[in-house]
Student: 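Below you'll find the structure I mean.
Numbers here simply count residues along the sequence, with the first being 1.
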Amino acid sequence: MGKIINVVLSGGVGSRLWPLSRKAKPKQYLPIFNGKTLFELTVDRNQGISSKVILVGSEQNKTLAAPFLDGKENDVIAETVPRNTAAAIAFAAFHCEPDDILIVTPSDHLIEGMDHYEEAINQGIMFAQEGYIATFGIVPNRPETGYGYIEHEGNSVLSFREKPNEDTARDFLKKGNFLWNSGIFCFKAGVYLEELMRFEPKLYSAAEVAFEYATGLVMDEEHSKLIPSKSIDYAVLERSDLIKVVPARFKWSDMGAFDSLYIYFKENGHPVDESGNIVVGTNKHTVFVGLQNCMLINTEDAVLVLDRAYAQDVKRVYEQLEKESSPLI
């Protein structure tokens, strides 16, 4: 059997967590989780399972991640142009032996309950050894509209579903055979590349060329621009007949927006007033009058006041600032 390798994807900027998350320091590098970062927690969580880490992210991520990747066995693949997860994972797979088992994990998820986590990952490794591509679905505990879903029967995937509206999410929860799509995967490097070549030959070939022209694991920019930008979900998962899903019971959040961060802060004793309002980033006495379920996010150069029901819309603020070439991003 090949090595077990943790491939950590660290490419996003966390636009829905602006103004805490910025290009200079994305959310996965903010030390706000009991003094640790999400990236640090990801690496620590998989150390006992895997023999090494391969980080795939921008050159900036390479610098930010360096303090947590001081082991000799860890490698960093730097993307000069972001081309989504299908290509990012292909780069890691090209860097490995075909029989190496890759545990692919985003760097910005919060996971608790290590016993359940290791149990699920070990099941995924077993599927990978048998030549399957394992994905991990989280047993839902609420009708969440911010996550994609996996419809399943046992370990068989019936369908992948996009983020639903609230009524659909409630229907998924009622039916009982829908899981949150965690974005965590496990497979042999060679199996993934074979399926990618089968379904997306142009993407496979372009990624292979960019990897071949890389200098010191820094991808060639001109060749990288020619890679189609597709997620692993669209490129492989929704088309392959080798997919197995592992229903998992560890506590999971993708920390994608402030509603998820609110739950974490509240559960860890952060002050919340009687109307469900919360202040982050300042010790100033703050009073909410006539407001419910709101957040005030304070940084040195920006303040965000948010109704948590609109947590997903913070991305629009970030996108507008980006259009204006604002230094605030």
Side-chain angles (χ1 to χ4, degrees), residues 2-14 23 26-29 37-47 49-71 73-98 100-109 128 133 135 182-193 195-196 200 203-204 206-221 223-237 254:
K3 295 179 180 178
I4 297 176
I5 297 170
N6 181 201
V7 176
V8 180
L9 305 179
S10 184
V13 298
K23 285 184 177 179
K27 61 180 178 178
Q28 58 266 38
Y29 300 106
T37 70
L38 290 172
F39 183 87
E40 181 180 6
L41 291 170
T42 300
V43 172
D44 289 349
R45 180 165 55 248
N46 293 289
Q47 274 189 341
I49 303 170
S50 58
S51 61
K52 67 180 290 186
V53 172
I54 297 177
L55 166 67
V56 186
S58 66
E59 292 189 79
Q60 181 182 30
N61 273 273
K62 181 177 180 178
T63 302
L64 293 169
F68 312 112
L69 294 177
D70 54 2
E73 292 298 316
N74 300 326
D75 296 326
V76 179
I77 296 174
E79 296 177 293
T80 49
V81 181
R83 304 311 293 158
N84 217 315
T85 54
I89 296 168
F91 295 149
F94 286 133
H95 187 55
C96 297
E97 296 298 324
D100 287 343
I101 292 177
L102 311 185
I103 302 170
V104 181
T105 59
S107 61
D108 54 0
H109 291 183
I133 293 175
T135 184
S182 72
I184 302 172
F185 315 105
C186 184
F187 40 70
K188 287 183 180 180
V191 170
Y192 173 72
L193 291 176
E195 291 297 273
L196 184 64
E200 292 288 342
L203 195 161
Y204 174 93
E208 185 178 35
V209 171
F211 185 80
E212 289 175 350
Y213 277 85
T215 303
L217 293 182
V218 177
M219 294 301 104
D220 179 77
E221 182 174 357
H223 288 92
S224 293
K225 290 177 180 178
L226 302 177
I227 303 172
S229 179
K230 291 190 178 183
S231 70
I232 181 177
D233 300 79
Y234 289 124
V236 175
L237 293 187
D254 71 350

Student: Would you call Thr135 and Ile184 a side-chain contact if the rule is heavy atoms closer than 4.5 Å?
Tutor: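 With C-beta onward as the side chain, the pair stays apart.
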Student: May I ask you to test the Val53-Leu69 pair for a side-chain heavy-atom distance under 4.5 Å?
Tutor: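 Val53 reaches Leu69 side chain to side chain.
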Student: Going through the checks in order, is the side-chain contact (heavy atoms from CB on, under 4.5 Å) test met by Cys96 and Ile54?
Tutor: CA-CA 10 Å; Cys96 297; Ile54 297 177; 3.5 Å; yes
Student: Let me confirm one number: the CD1-SG distance from Ile103 to Cys186, rounded to the nearest 0.5 Å.
Tutor: 5.0 Å
Student: Is the closest side-chain donor-acceptor distance between Asn84 and Ser231 under 3.5 Å?
Tutor: no
Student: In the structure I gave you, are the side-chain heavy atoms of Ser229 and Arg83 within less than 4.5 Å of one another anywhere?
Tutor: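 Counting from C-beta outward, Ser229 and Arg83 do come under 4.5 Å.
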Student: Contact between His95 and Phe211 at the side-chain level, heavy atoms closer than 4.5 Å - yes or no?
Tutor: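 His95 reaches Phe211 side chain to side chain.
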Student: Evaluate the side-chain contact (heavy atoms from CB on, under 4.5 Å) criterion for residues Ile232 and Tyr192: first the C-alpha distance (whole Å), next the side-chain angles of each, then the deciding distance (0.1 Å), finally the verdict.
Tutor: CA-CA 10 Å; Ile232 181 177; Tyr192 173 72; 3.8 Å; yes
Student: How many angstroms lie between atom CG of Leu226 and atom CD of Glu221, to the nearest 0.5 angstrom?
Tutor: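 Here the interatomic distance stands at 11.0 Å.
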Student: Taking only Lys NZ, Arg NE, NH1 and NH2, and the carboxylate oxygens of Asp or Glu, determine whether Asp100 and Lys188 approach each other closer than 4.0 Å.
Tutor: no
Student: Can you check whether Phe187 reaches Val104 side chain to side chain, under 4.5 Å on heavy atoms?
Tutor: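 Yes, close enough: below the 4.5 Å cut-off.
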Student: Considering non-hydrogen atoms only, spot the tightest contact between Leu196 and Ala90 and give its length.
Tutor: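 That closest heavy-atom pairing would be CD2-CB, 3.8 Å.
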Student: Which label fits Phe39 and Tyr29: parallel for a plane angle under 30°, tilted from 30 to 60°, or perpendicular past 60°?
Tutor: tilted
Student: With side-chain contact (heavy atoms from CB on, under 4.5 Å) as the test, would you mind laying out the steps for Thr85 and Tyr234 before giving the verdict?
Tutor: CA-CA 10 Å; Thr85 54; Tyr234 289 124; over 6 Å; no
Student: Taking atom CG of Leu203 and atom CD1 of Ile227, what is their separation to the nearest 0.5 Å?
Tutor: 7.0 Å
Student: Taking Thr215 for its side chain and Val218 for its backbone only, find out whether a donor-acceptor pair lies under 3.5 Å.
Tutor: no
Student: Are Asp254 and Asp108 close enough that some pair of their side-chain heavy atoms sits under 4.5 Å apart?
Tutor: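 No; the side chains remain at least 4.5 Å from each other.
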Student: To the nearest 0.5 Å, what is the distance between CD1 (Ile77) and OG (Ser58)?
Tutor: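 Answer for the CD1-OG pair, Ile77 versus Ser58, is 13.5 Å.
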Student: Which heavy atom of Leu55 sits nearest to which heavy atom of Ala65, and what is that distance?
Tutor: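 Looking at all heavy atoms of both residues, the closest pair is CD2-CB, 3.5 Å.
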Student: Would you check, one step at a time, whether the test side-chain contact (heavy atoms from CB on, under 4.5 Å) holds for His109 with Thr105?
Tutor: CA-CA 8 Å; His109 291 183; Thr105 59; over 6 Å; no
Student: So which atom in Val8 and which in Asn6 form the shortest heavy-atom distance, rounded to 0.1 Å?
Tutor: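 Reported closest heavy-atom pair: CG2-OD1, 3.5 Å.
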Student: If you take all heavy atoms of Ser107 and Thr42, which pair is closest and at what distance?
Tutor: O-OG1, 3.6 Å
Student: Does some side-chain heavy atom of Val191 sit less than 4.5 Å from a side-chain heavy atom of Pro98?
Tutor: no
Student: Hey, are Lys3 and Glu97 close enough for a salt bridge, meaning a charged N less than 4.0 Å from a carboxylate O?
Tutor: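 Salt bridge absent between Lys3 and Glu97.
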Student: To the nearest 0.5 angstrom, please state how far the CD atom of Glu59 sits from the CE atom of Met219.
Tutor: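 If I round to the nearest 0.5 Å, the distance is 10.0 Å.
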Student: Looking only at side-chain N and O atoms, does Ser10 offer a donor or acceptor that is under 3.5 Å from a partner on Gln28?
Tutor: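 On atom types as modelled, these side chains qualify, holding a pair under 3.5 Å.
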Student: Do the non-hydrogen side-chain atoms of Phe91 and Leu217 ever get within less than 4.5 Å of each other?
Tutor: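 The answer is no; the side chains never approach within 4.5 Å.
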Student: Report the distance from atom CD of Glu79 to atom CG of Asn61, rounding to the nearest 0.5 Å.
Tutor: 9.0 Å
Student: For Ile49, is there any backbone N or O sitting under 3.5 Å from a side-chain donor or acceptor partner on Asn46?
Tutor: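 Looks like no, no N/O pair under 3.5 Å.
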Student: Heavy atoms only: give me the nearest Phe68-Val43 pair and the separation to one decimal.
Tutor: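 Answer, listing the atom of Phe68 first, then Val43: O-CG1, 4.1 Å.
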Student: Which pair of non-hydrogen atoms, one from Lys225 and one from Val81, has the smallest distance, and what is that distance?
Tutor: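 Where Lys225 meets Val81 most closely, the heavy atoms are CG-CG2, 3.9 Å.
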